[in-house]
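Here is the structure we will look at.
By convention in this document, chain letters (A, B, ...) are assigned in the order of the sequence lines, proteins followed by strands, and residues within each chain are numbered from 1. Every heavy atom of this structure was used, including side-chain atoms; hydrogens, water molecules and symmetry mates were not.
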Amino acid sequence: MTTTPAPRPDGRPRKQIHLGAHFPGVNNTTVWSDPRSRSHIDFSSFEHLARRAEAARFDFFFLAEGLRLREHKGLIHDLDVVGRPDTLPVLAALAAVTDRLGLAGTINTTFNEPYELARQFATLDLLSGGRAAWNLVTSSDAFTGANFRRGGFLDYSERYERAAEIVDVARQLWDSWSDDAVDADAETGEFLREGAVQRVDHDGKHFDVHGTFTTPRGPQGHPVLFQAGDSGEGREFAAATADVVFSLHGSFEDGQVFYRDVKDRLAAYGRTEDSLKILPATTVVLGDTAEDAAEEAALIRRQQVSGPTAIAYLEQVWGRDLTAYDPEGPLPDVEPDVDNASLTRGKVRHVKDPGPVVAAWREKAAAHGWSIRDLVIEVTGRNQFVGTAQQVADDIDRYVQEDASDGFILVPHLTPEGLDPFFDQVVPLLQERGSFRTEYTGTTLRDHLGLELPGVGGSQAADLEGARA
Amino acid sequence: MSSSTPGSPTTRTLHLAVDLTDAGAHPAAWRTLGSQARQLFDADRLQDLVSTAQRGTVDLVLFDDAFSLQPGRRGGVQGRLDAALVAARLAPRSEGVGLVPTVTTTHTEPFHVSKALATIDHASHGRAGWQVAVSTGADDAAHVGRRQAPDVAAAWAEAAEAIDVVSRLWDSWEDDAEIRDVETGRFVDRDKLHYVDHDGVHFAVKGPSITPRPPQGHPVVVVRVDSDAALAVAAEHADVVRVRATTLEEARALREQVRSAAADHGRDPDDVIVLVDLYAVIGPDRASAQARLDLLEGLAGVSWDTDSYTHVGTDRDLAVTAEEWFLAGAADGFTVRPSSLQTDLVALVDGVVPLLRRAGIYRTEYTGTTLRDSLGLARPANRYAAAIA
């Protein structure tokens with residue numbers, strides 16, 4: 001099977017890389033204008049990425065969600081991919097066409113009740129044979145809340161408090177059925193084992209939940225919990241509750257600092273370093289030579305930032321209509337409208353205080369002779385892996401072996417085939433060096449990630465107490 | 001489209017739905033041989049059941065759901081999966097057959113319900129339905145907390161509003177909204193996306209949906225009529241109406257009532273398919289079917305009152321009854337509730353279905369690809385597109 005992995009330079013055992021495949025959502029990472037880009041709705045697109053990821057022995061498939069179409073200047077933003085299917089039904093359908101791949105989905109807690117969410121994730125875990133993961137996010141966004149009766153919005157300061165209570169309630173519900181609760185003894189007529197299903201009574205600040213859960217405990221006990229967030233509060237919440245943290249892929253050094261900071265927080269919750277995986281999201285561009293790859297990466301950036309996209313991005317910072325400006329021309333000569341903060345809604349605002357940003361950009365653009373589009377390409381560029389397959393395999397392995405991450409969530413720029421070159425070219429190199437599995441050794445996502453099965457009423461409840469303290 | 005002029009039943013074909021809930025309709029079904037009771041929550045078992053239903057070219061299969069454990073069934077199956085996710089799980093590995101989960105409206109968000117059902121319709125290429133249900137129990141309300149359980153009338157009024165806004169969300173994308181115009185850099189034509197701007201009694205929803213219009217336009221809406229309030233909602237919104245009746249005359253009266261109520265809403269009564277619940281215990285002869293029912297009743301400790309037509313007998317007798325009711329205008333078809341899925345579903349598909357086919361009132365293969373095709377229902381026009389045109 002696998003070759004014996006070589007130890008790391010410092011003699012510690014080689015870490016196994018964890019990899020997730022992200023089905024891209026609605027932002028300009030996704031290049032829809034490329035002739036190879038196919039549907040973001042047809043199930044065949046989801047199936048393609050999931051099947052390929054499974055054939056490459058990836059840990060999981062990852063799907064985000066959206067709850068309101070984005071708007072720019074009071075109109076639906078039409079320059080990026082718009083629209084997507086619902087997260088959990090797509091994951092449930094993918095469970096039918098894959099056998100081992102983890103199925104992770106973002107579900108916002110602000111517009112859902114914990115009882116319903118706990119049922120849905122327990123169901124997904126059962127229907128997939130133990131492959132469910134929940135990327136738990138909260139919203140403080142009244143714009144999105146306009147689609148929900150009870151949603152409204154949540155004060156920013158209460159987001160993690162509510163999230164902690166949701167996790168607490170969901171875990172009580174998942175733990176309320178013992179693993180062997182379904183006895184189905186035809187002789188005695190006892191369907192549920194006596195005493196194997198406990199009532200849940202929760203009265204909290206955000207939720208009151210009373211009664212008996214409907215859904216048997218899934219193979220993983222609790223679905224794997226993902227969490228995003230770079231703030232101190234977010235890191236602490238992750239250390240207390242999450243199995244996987246994802247962040248944006250920064251520089252190698254920034255990655256090491258983040259890694260150390262989050263892992264150092266675990267001990268306070270009685271957790272080991274292995275119990276939380278840090279998996280930044282990143283993109284990859286491959287070429288036959290380093291030059292080819294760099295050229296391809298530059299081409300992709302120009303596809304991602306079209307002229308209208310560059311203007312729309314600038315308008316978010318300027319707070320003004322800038323459609324009169326040529327994206328291939330110099331930066332606007334007008335000053336930003338600092339008070340017009342609601343120009344773009346439904347996505348993260350890129351700049352909070354436009355004054356100094358605009359000044360710095362003008363200086364940069366002048367120094368390099370950049371057009372509007374050049375500037376936006378520069379300032380919105382994220383760290384990515386660019387190079388030959390060998391170089392990218394080396395880089396990824398270095399990040400993991402030297403503790404800048406435990407692996408990556410890969411975001412393709414093309415749907416659904418964008419990761420095919422990575423599966424074909426990079427994965428075998430990672431496998432050759434013993435850093436990535438050649439076969440699944442377990443059946444559940446917890447198995448793949450090396451996470452323990454939570455016991456009923458186990459230690460994680462105590463962890464949560466710590467998170468709230 | 002097989003559906004036709006009113007009152008000419010010979011050009012219609014019989015429709016069959018099968019209820020795949022639990023181990024079967026009888027509370028003791030899980031205790032019978034081969035019931036796979038320990039595998040009730042396994043996807044593979046559900047997959048097998050759907051394959052069997054598909055072999056019988058049934059129009060649709062149904063999965064019950066609620067936020068509480070099955071009530072009042074001592075010694076019965078306890079535990080439920082989220083029915084919408086069950087339907088989604090079954091979508092990629094099935095063909096022809098409609099997948100209809102129950103999704104309740106009382107403690108859920110219409111925006112979520114709309115995109116979940118639209119997504120099942122996308123994943124199944126047009127085979128999704130929605131059995132609308134309400135929660136009037138205090139148990140359900142306590143699971144969600146901070147809400148009182150509504151009474152039946154209030155719950156159905158809320159359901160009507162939910163169906164209305166859900167279907168508006170389905171229409172909030174015109175079918176050709178995605179344009180991918182590389183020239184102008186526009187992925188969608190925003191003029192073909194519509195705010196639903198619903199500001200109702202129970203909720204307000206801005207829209208548009210995040211999920212493009214489903215393949216069927218609207219997934220098929222199924223309402224089970226068990227109260228006047230449910231009848232009112234069914235008459236206005238349902239494509240398929242489930243009723244319970246114990247005699248042909250009762251069924252015919254109910255069907256007429258539903259059709260006339262639909263007409264009162266300005267609908268063509270032929271656009272409403274009335275299915276009568278039919279509980280089935282099927283055996284090689286009447287005595288053995290009765291013996292099996294006796295065994296089930298013995299296990300359950302109570303006699304089985306289904307409050308609807310209950311067939312205990314041979315496949316031949318069942319086919320004769322079905323044909324008789326169908327031709328008499330008492331039913332457009334049946335929701336078969338096999339007493340025991342393991343036994344009665346197979347008997348239905350391999351025994352009753354061939355007889356109905358031979359009688360020329362039932363399809364031999366799926367002639368279309370969507371559930372609407374099977375039911376002979378037109379794809380609904382988009383209300384927003386129509387408003388502009």
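Using a 4.5 Å cut-off between heavy atoms, Pro216(A) contacts chain B through its side chain alone, with no backbone atom that close. Proximity to chain A (any heavy atom under 4.5 Å) is shown, for Ala116(B), by both the backbone and the side chain. For a residue to count as touching a neighbouring chain, one of its non-hydrogen atoms must lie under 4.5 Å from one of that chain's; by this rule Asp189(B) does not touch chain A. Proximity to chain A is absent for every atom of Ile179(B), based on heavy atoms less than 4.5 angstrom apart. Contacts of Phe46(A) with chain B are absent, with no heavy-atom separation under 4.5 Å from either backbone or side chain. Using a 4.5 Å cut-off between heavy atoms, Gln303(A) makes no contact with chain B at all. Interface residue Ala66(B): only backbone heavy atoms are found under 4.5 Å from chain A. In this structure, the portions of Leu67(A) lying under 4.5 Å from any heavy atom of chain B include both its backbone and its side chain. For chain A, the nearby part of Leu46(B) is the side chain; its heavy atoms alone come within less than 4.5 Å. Neither the backbone nor the side chain of Val196(B) comes within contact range of chain A; no heavy atom of the residue lies under 4.5 Å from a heavy atom of that chain. In this structure, the portions of Ala123(B) lying under 4.5 Å from any heavy atom of chain A include both its backbone and its side chain. His202(A) does not touch chain B: none of its heavy atoms, backbone or side chain, sits under 4.5 Å away. Ser114(B) does not touch chain A: none of its heavy atoms, backbone or side chain, sits under 4.5 Å away.
Interatomic distance, NZ of Lys115(B) versus CG of Asp86(A), reported as 3.5 Å (0.5 Å rounding). We find the CZ-CG distance between Arg147(B) and Asp208(A) to be 14.0 Å, quoted to the nearest 0.5 Å. Going from atom OG of Ser39(A) over to atom CZ of Arg180(B) covers 6.5 Å, rounded to the nearest 0.5 Å. A distance of 6.5 Å separates CD1 of Ile41(A) from CH2 of Trp173(B), quoted to the nearest 0.5 Å. To the nearest 0.5 Å, atom CG of residue Leu126(A) and atom CG of residue Asp42(B) are 8.0 Å apart. Atoms CG and CG, on Leu85(B) and Asp125(A) in that order, are 12.0 Å from each other to the nearest 0.5 Å.
Nearest approach of Arg89(B) to Leu127(A), heavy atoms of both residues: NE-O, 2.9 Å. Scanning both residues, Pro92(B) and Ala96(A), for their nearest heavy atoms gives CG-CB, 3.9 Å. Closest non-hydrogen pair, Glu116(A) versus Thr108(B), comes out as OE2-CG2, 3.5 Å. Considering all non-hydrogen atoms of both residues, Gly185(B) and Leu79(A) come closest at O-CD2, 3.2 Å.
For the set Arg190(B), His202(B), His125(B), the entry with the most heavy-atom pairs within less than 4.5 Å of chain A is Arg190(B). For the set Val26(A), Leu88(A), Val182(A), Val81(A), the count of heavy-atom pairs under 4.5 angstrom toward chain B peaks at Val81(A). Highest contact tally toward chain B, considering only Gly66(A), Ser44(A), Gly307(A), is held by Gly66(A) [criterion: heavy-atom pairs under 4.5 Å]. Counting heavy-atom pairs under 4.5 Å between each of Arg186(B), Arg146(B), Arg93(B) and chain A puts Arg146(B) at the top. Here Gly211(A) is the residue among Pro308(A), Ala122(A), Gly211(A), Ser306(A) with the most heavy-atom pairs under 4.5 Å with chain B. Interface check for chain A: of the options Leu299(B), Thr184(B), Asp139(B), Asp181(B), the most heavy-atom pairs under 4.5 Å are formed by Asp181(B). With respect to chain A, the highest number of heavy-atom pairs below 4.5 Å among His198(B), Glu178(B), Glu158(B), Gln47(B) belongs to Glu158(B). Interface check for chain B: of the options Tyr115(A), Phe43(A), Phe213(A), the most heavy-atom pairs under 4.5 Å are formed by Tyr115(A). Across Ser68(B), Ala43(B), Ala142(B), Pro110(B), the residue that shares the most heavy-atom pairs under 4.5 angstrom with chain A is Ala142(B).
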Passes side chain to side chain contact (heavy atoms under 4.5 Å, CB included), Gln78(B) versus Thr214(A)? Steps please.
CA-CA 8 Å; Gln78(B) 299 269 283; Thr214(A) 57; over 6 Å; no

So Val182(B) and Trp32(A), side chain to side chain contact (heavy atoms under 4.5 Å, CB included) or not? Walk me through it.
CA-CA 9 Å; Val182(B) 177; Trp32(A) 57 260; 4.1 Å; yes

Test log, rule side chain to side chain contact (heavy atoms under 4.5 Å, CB included), inputs Phe111(B) and Thr144(A)
CA-CA 11 Å; Phe111(B) 193 83; Thr144(A) 307; over 6 Å; no

Go through Ile76(A) and Tyr195(B) one step at a time and tell me if the side chain to side chain contact (heavy atoms under 4.5 Å, CB included) criterion holds.
CA-CA 10 Å; Ile76(A) 288 165; Tyr195(B) 295 99; 3.5 Å; yes

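Residues Leu69(A) and Leu193(B) meet the side-chain proximity criterion, which asks for heavy atoms closer than 4.5 Å. Looking at heavy atoms from C-beta onward, Arg119(A) lies in side-chain contact with Asp65(B) at the 4.5 angstrom threshold.
Remark: Glu95(B) CD is loosely packed, at most 12 non-hydrogen atoms of other residues, nucleotides or ligands lying under 6.0 Å away. Crowding of Leu33(B) atom CG: a count of heavy atoms from other residues, nucleotides or ligands under 6.0 Å not exceeding 12.
Side chain of Thr215(A) to backbone of Arg80(B): a donor-acceptor contact under 3.5 angstrom is found. Under a 3.5 Å cut-off, the side chain of Thr123(A) and the backbone N or O of Asp82(B) do form a donor-acceptor pair. At distances below 3.5 Å, at least one donor-acceptor pair connects side-chain atoms of His143(B) with backbone N or O atoms of Thr212(A).
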Please tabulate, for side-chain N and O atoms in residues 206-215 of chain B, each donor-acceptor pair with protein atoms closer than 3.5 Å (sequence neighbours left out).
from, atom 1, to, atom 2, distance (Å)
Lys206(B), NZ, Asp197(B), OD1, 2.9
Ser209(B), OG, Thr211(B), N, 3.0
Ser209(B), OG, Thr211(B), O, 3.2
Thr211(B), OG1, Arg84(A), O, 2.8
Arg213(B), NE, Asp171(B), OD1, 3.0
Arg213(B), NH1, Asp175(B), OD1, 3.3
Arg213(B), NH1, Asp175(B), OD2, 3.2
Arg213(B), NH2, Asp171(B), OD1, 3.0
Arg213(B), NH2, Pro380(B), O, 2.9

Show me, pair by pair, the donor-acceptor contacts under 3.5 angstrom made by side chains of residues 184-193 of chain A, not counting sequence neighbours?
from, atom 1, to, atom 2, distance (Å)
Asp185(A), OD1, Glu187(A), N, 2.9
Asp185(A), OD1, Thr188(A), N, 3.2
Thr188(A), OG1, Glu190(A), N, 3.2
Glu190(A), OE2, Glu194(A), N, 3.4
Arg193(A), NE, Asp180(A), O, 2.9

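Between Glu161(B) and Arg149(A) there is no salt bridge, since none of the side-chain N atoms of the basic residue sits less than 4.0 Å from a carboxylate O of the acidic one.
Taking the six-membered ring where the residue is Trp, the centroids of Phe148(A) and His112(B) are separated by under 6.0 Å.
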